[in-house]
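Below: the structure, in structure tokens.
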Amino acid sequence: MSMESEDTKKIQEMKTDLNLLLECLKYQMDNPFSQKEALVTIHSICQQNSNAGVYFREIGGLMFVQNLAKSSEHSMVKEAALYILGTVAEQNVYCQQTLCTSELFEDLIWFLRNNDSNTNLKRMSVYVILVLVSNNRTGQTLVRETGCIKVLSQLFRVVISKHELNLSDKNIFQNYQLWSSVCSTLCVCVNNPQNDENQMLCCSLFPHANEWLINCIKPEIIRPLCSFIGLTVANNTHVQKYFISVGGLDVLSQVLVQLESDSHKTLSSAKLAVVVTKTVDACIADNPMFGEVLSKYHIVSKLLALLLHESLDSEEKFSIILTLGHCTEVCEENQVDLFKNNGLPLMIQALTESQNEELNKAATFVLCNCKKITEKLSLREYSFSENEAEQLKDINMKEKNIEEYWKKAKEILHRIEQLEAEENKEKIQREKYKNNVSPMNINIQNTMKYFHADSISGGPKAEDKDESQSKKLQSCKSYGLMSKACTNNDQMKTLLKSANPVNACYRESGQNETLYKANSSRNQNLHEETTFEKKELVSQSSGHVFKHPDPIVKNRRQQLPVTDPFTLCSDIINKEVINFLSTDNCSKTFKYRCSGCIAVGKSLNSRNFSKLLHSCPYQCDRHKVIVEAEDRYKSELRKSLICNKKILLTPRRRQHLSNEPTTSGGIKKRKIRKNFTKEEVNYLFSGVKKMGNHWNLILWSFPFQQGRKSVDLARKYYKLTKRAKCVAPLLEDLSVYGLNS
């Protein structure tokens, strides 16, 4: 209550003081010094208390001070009155709306145009305009409709007439302060919120601003001008085009180049170069085509050099990288310049090292812009030496060599046409070989019959062996011709129809071995072209295919007594030929491979991978060992289950069961009773006081005895509250309750 009474007392004192000071202003019209002191006191009260300005407005103080500034003959009273109006309107939006009238703007225009008004009075008038227009679209409209913005534009041109700025002179310094205030007010008039009409009116000041930027490169001039230019051209393509048409972007580029060269000497030049960079970015943000203007001054290389400055913070580096992104968005010359000056490694470094999301996005933007030009540069094979003269020489030499590149391209085209003609000849030969497939098949069958007759007669003599070897070679040559002739599925189907049917079991047993050998022979025929290598391939394949299978044939005859051995061998050879010729259906060979090896892209886990391996009949050695180990483990697990007759549990559940106390008969032991100690009761009540009836939180927050549960805490608390009539006497007899619990 004492604090509230003190606040109320202060408010009453504040109201009393404002009323007395307002009366003092009214009755001291002939004493300007007293009026000035009263106005200064009102200003201090409004600064100390935010509600003072509202009360001063309610009692009519604002309107009286406005009239006083207009009617007083003394300059110091006008200055003080205008200063109070500005500070009160800046603190409170209601006061701002109250003062935002065309009458006040007209009075301020009169102060600015009057030649008798001193510099301080004009500064106070500009300050009031700035406060009324700031974040206020109504004020922006009034400053345009009343013609106040034209008066400010005239002051912008006239206040500082000499480009040699000597701020040590008192008069020049006062004029510079007025000019700086005018620049700030114009910035507020065109932006925050953005006002397109005011931006168009301020375009007339661009030539004057360019003249100042060229003749006076000082921070005191460049900072206000860059702020004015950046806010005037922001998000307005028409104003941006006009600024570039009057040479504004060229002037900014020249200033940036000079500041970047000076940035290695002084830190202020580097900071000032960042300010100019932001202004350049505002000029080209909505029109990336204007980046071509910057390429004449090699702005990209200057920005990259500025980016390496150690004194810049992350926000300043973000501004530089964003400007690089807008420069390289469309202009290929700027992209090449970025590439030449190692800009891509810098962007990647900024992307990896910086934790600022905005900076990372800007760096990504630059990298995306340079993606296409990087590909073009890699194709054109530009050289990126530091000496520009050597680069130009290299480019000229490459232009001269274009004709040589065209000649090479024509030679390559001629070679392609020759290869196409050879391919057409091969197609014609394949069609000729098609007709020879069936007699070749008959020759192979006759060869096999002759071979089988020799094997039945007890083995051939030496001469017969030589003849048989020559026949084998002839048959294998015909085999090679068939591999060239039969290259599509239709020919394979005709071969299947010409061969006799064989038992499916026998085909499956020899399928893997035959496929492997057919693939090996096919790869050798494709890559080896000499006659000697073909003969070695024929001898290998013939030795493998025509090997005399004495015991296997007997076993097969016992299982399949009806099958003819001649047709059986013929079918094996035909099947090998078909697998060899199936180049267009290479995907079919995957079904003869291990499923565990080819199932790479699938989402596998411990369950479906085991099923996949068990369902595959063609397992590799590695997966076969895995399957056997898994089957062995499962069999041992089943045996242990049958012997022990126990249910397997997870380790956590098994440990939980092993820790449960049980008697000899398997009955769980009753939990040992533990009385609540005095400390535990204190913990319980303090926990309820802090956390309420959240028993788990209380149990975890205090060191209760081992074995306590949240249910135990709840029961104990309800017992204690039922027995006790109030909490105070209960805390005195804690030991008694602990014994009885």
Quiz item: Should the ring pair F365 and H326 be called parallel, tilted or perpendicular, given that the plane angle runs from 0 to 90° and is split at 30 and 60?
Solution: perpendicular
Exercise. For the residue pair S117 and L112, establish whether any side-chain heavy-atom pair is separated by less than 4.5 Å.
Key: no
Quiz item: Heavy-atom distance under 4.5 Å between the side chains of L324 and N369, does that happen here?
Solution: no
Quiz item: Roughly how far apart are M347 CE and L367 CG, rounded to 0.5 Å?
Solution: 7.5 Å
Practice problem: Sorted by first residue and then second, give each ring pair (Phe, Tyr, Trp, His ring centres under 6.0 Å) pair with at least one member in residues 223-281; sequence neighbours left out. | Solution: F156-F228, F206-F243
Self-check item: Heavy-atom neighbours of Q355 CD exceed 12 at 6.0 Å
Solution: no
Quiz item: Minimum heavy-atom separation for C100 to G139, with atom names?
Solution: SG-CA, 3.7 Å
Quiz item: Under the side-chain contact (heavy atoms from CB on, under 4.5 Å) test, which residues partner K241, sequence neighbours left out?
Solution: N287, F290
Practice problem: Hey, could you give me the CD1/CG distance between I217 and L256, rounded to the nearest 0.5 Å? | Solution: 10.5 Å
Quiz item: For E316, which residues count as a salt bridge (charged side-chain N to carboxylate O under 4.0 Å, His left out) partner, sequence neighbours excluded?
Solution: K271
Self-check item: Rounded distance (nearest 0.5 Å) linking atom CG of D262 with atom CG of L272
Solution: 10.0 Å
Exercise. State, yes or no, whether a side-chain contact exists between V143 and T185 at a heavy-atom distance under 4.5 Å.
Key: no
Self-check item: Flag for N198-Q140: side-chain donor and acceptor within less than 3.5 Å
Solution: no
Self-check item: Heavy-atom closest pair, residues S269 and L259
Solution: CB-O, 3.8 Å
Quiz prompt | Beyond-backbone contact of N360 with L351, side-chain heavy atoms, under 4.5 angstrom | solution = yes
